[in-house]
Amino acid sequence: MQRIEVGVLGATGMVGQHFIRFLENHPWFDFTWAGASDRSAGRKYSDATNWRLDGALPASAAGLTVQECKPGNAPRLIFSAMDASVATEIEQAFAAAGHTVVSNSKNHRMEPDVPLLVPEVNANHLASLATQSRLRGWKGRIVTNPNCSTVVLTMALGPLKRFGITRVVATTMQAISGAGYPGVASMDITANVVPFIGGEEEKMQQETQKILGEWNGDRFEPLAATVSAHCNRVPVVDGHTVTVSVELLEKPGEAALIEAMNAFRGLPQERKLPSAPEQPVIYLDAPDRPQPRRDTNREKGMAVFTGRLRACPVLGYKFVALGHNTVRGAAGAAVLNAELMLSEGLLER
Ligand SMILES: NC(=O)c1ccc[n+]([C@@H]2O[C@H](COP(=O)([O-])OP(=O)(O)OC[C@H]3O[C@@H](n4cnc5c(N)ncnc54)[C@H](OP(=O)(O)O)[C@@H]3O)[C@@H](O)[C@H]2O)c1
């Protein structure tokens, strides 16, 4: 199988580093191009970057010369971990020049012609790319992955969609790694809970409705459910925990919902995409699981773990969900999106 060269916009940043680590030894993709600001451009990647992840900086990245974020000499497939203040213009410039931009940034997620993908849940939203191409006149395209807490919620709700979701209340306990580097001040987060993450609740509510909604051939129809999110930062390093209360039109027994979660599969599993977990949603029977320290890194961080499904006196059902925010919620999500696009024939080898 011919390998594909890939680049990363914002490669020197925290999310960029997660991309580089996730792409190391990828069976299809070769990371060959790093883009960053003009503060870094022209320097060796190892000099321009403070490597802040566990383990050594991958050799594939260390010797690369960082490039300006301008289309021209970059590979056709580009992952974006761009700073949100500049992502809109830069990602659009790459798409206009014929690149496929698989973005982790928030900037284009809610655009009416941009797919916001969780491949197990809404792979068919890729059909919106035809409209994007017609409306924008780009030779390339932009696809996005959700916010790191939204992905945990939508993976857990995906199996329940067929029962008719009408109302959701989700409360997050989000890890500090989701805030980038240096993130939340240690004086604020040590032995504490910060009940505010700017813009997060709005993103979680809107993105969930788009992801669980339908592409009708012309536009996205959001899921006709009310979603309320409470977002909190907690002193956990990796792994976002979400407690969820959900109201369903149908009233299946709790065992049927657990069975739906465990049996849930999507195109990534059917096609055995390299980064796809064998079982995307794993229900844990123990009464005190999932827990971030014990479960976040299982399944290479690509599965979502659920547990404690029980009756909710307000909305009918409640449960807990956990996912790896920098893997399934960031770099791993985008790489899985690109694998899905390749398997759909949407990327050239
Ligand atoms: N899904 C998630 O869990 C998650 C979590 C955090 C962030 N994000 C999103 O991911 C993106 C990156 O976040 P981060 O925490 O990695 O940020 P970061 O560490 O500050 O990195 C930002 C990157 O953008 C580059 N950059 C900044 N200004 C630029 C410019 N004018 N032109 C070209 N490149 C520029 C930086 O290059 P230099 O090193 O040269 O400055 C760096 O590579 C943001 O959009 C953020 O919203 C997602």
Side-chain angles (χ1 to χ4, degrees), residues 7-22 31 33-53 57 61 64-72 74 78-94 101-110 116-118 142 144-155 172 174-184 197-200 202-204 207 211 231 233 236-240 242 296 301-302 323-337:
V8 176
L9 296 169
T12 51
M14 268 321 288
V15 177
Q17 294 181 27
H18 281 289
F19 269 111
I20 287 164
R21 192 173 63 176
F22 196 87
F31 168 65
W33 189 94
S37 78
D38 52 13
R39 296 179 288 276
S40 308
R43 299 169 70 195
K44 248 174 69 173
Y45 184 83
S46 54
D47 296 334
T49 308
N50 278 321
W51 185 255
R52 301 202 187 270
L53 304 187
L57 164 61
L64 290 180
T65 301
V66 178
Q67 306 291 319
E68 281 184 87
C69 288
K70 289 188 181 147
I78 287 287
F79 294 104
S80 174
M82 288 301 306
D83 190 278
S85 64
V86 289
T88 303
E89 294 75 17
I90 292 177
E91 291 181 357
Q92 290 189 10
F94 274 79
V101 180
V102 181
S103 178
N104 183 63
S105 299
K106 65 181 178 187
N107 303 51
H108 291 100
R109 286 181 193 149
M110 293 307 295
L116 176 57
L117 292 176
V118 177
I142 298 178
T144 58
N145 62 263
N147 170 271
C148 45
S149 46
T150 308
V151 77
V152 178
L153 179 63
T154 52
M155 288 272 286
T172 70
Q174 298 184 221
I176 46 182
S177 59
Y181 192 91
V184 193
I197 305 174
E200 195 84 350
E202 294 79 4
K203 277 190 264 182
M204 217 175 155
E207 291 179 14
I211 292 161
C231 293
R233 189 75 69 191
V236 160
V237 177
D238 287 319
H240 287 355
V242 189
T296 299
M302 288 300 284
H324 198 310
N325 53 296
T326 63
V327 179
R328 187 69 212 215
V335 173
L336 187 60
N337 283 351

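FYI, side chains are in, hydrogens and waters are out, and symmetry mates aren't considered; it's all heavy atoms of this structure. Start at 1 and go down the list; that is how both ligands and their atoms are numbered. In this text the structure is predicted, and so the values were computed from the model without any measurement.
In plain terms, the two heavy atoms of Ala334 and Phe79 that are nearest each other are O-CE2, 3.5 Å. Taking both residues in full, the closest heavy atoms of Ala175 and Val237 are given as CB-O, 3.3 Å, listed atom of the first, atom of the second, then distance. Thr296 and His324 get closest at one heavy-atom pair: CG2-CD2, 3.3 Å.
Screening Asn337, Asn104, Thr150 against Asn145 for a side chain to side chain donor-acceptor pair (under 3.5 Å) leaves a single residue, Asn104. For the side chain to side chain contact (heavy atoms under 4.5 Å, CB included) with Cys69, the qualifying choice from Asp83, Leu9, Ile78, Asp38 is Leu9, the only one to do so.
In this structure, a donor-acceptor pair under 3.5 Å is present between the side chains of Glu200 and Asn147.
Protein residues having a heavy atom under 4.0 Å from any atom of ligand 1 are Gly10, Ala11, Thr12, Gly13, Met14, Val15, Ala36, Ser37, Arg39, Ser40, Cys69, Ala81, Met82, Asp83, Ala84, Val86, Ile90, Asn104, Ser105, Cys148, Gly178, Gly180, Asn325, Gly329, Ala330, listed by chain and number.
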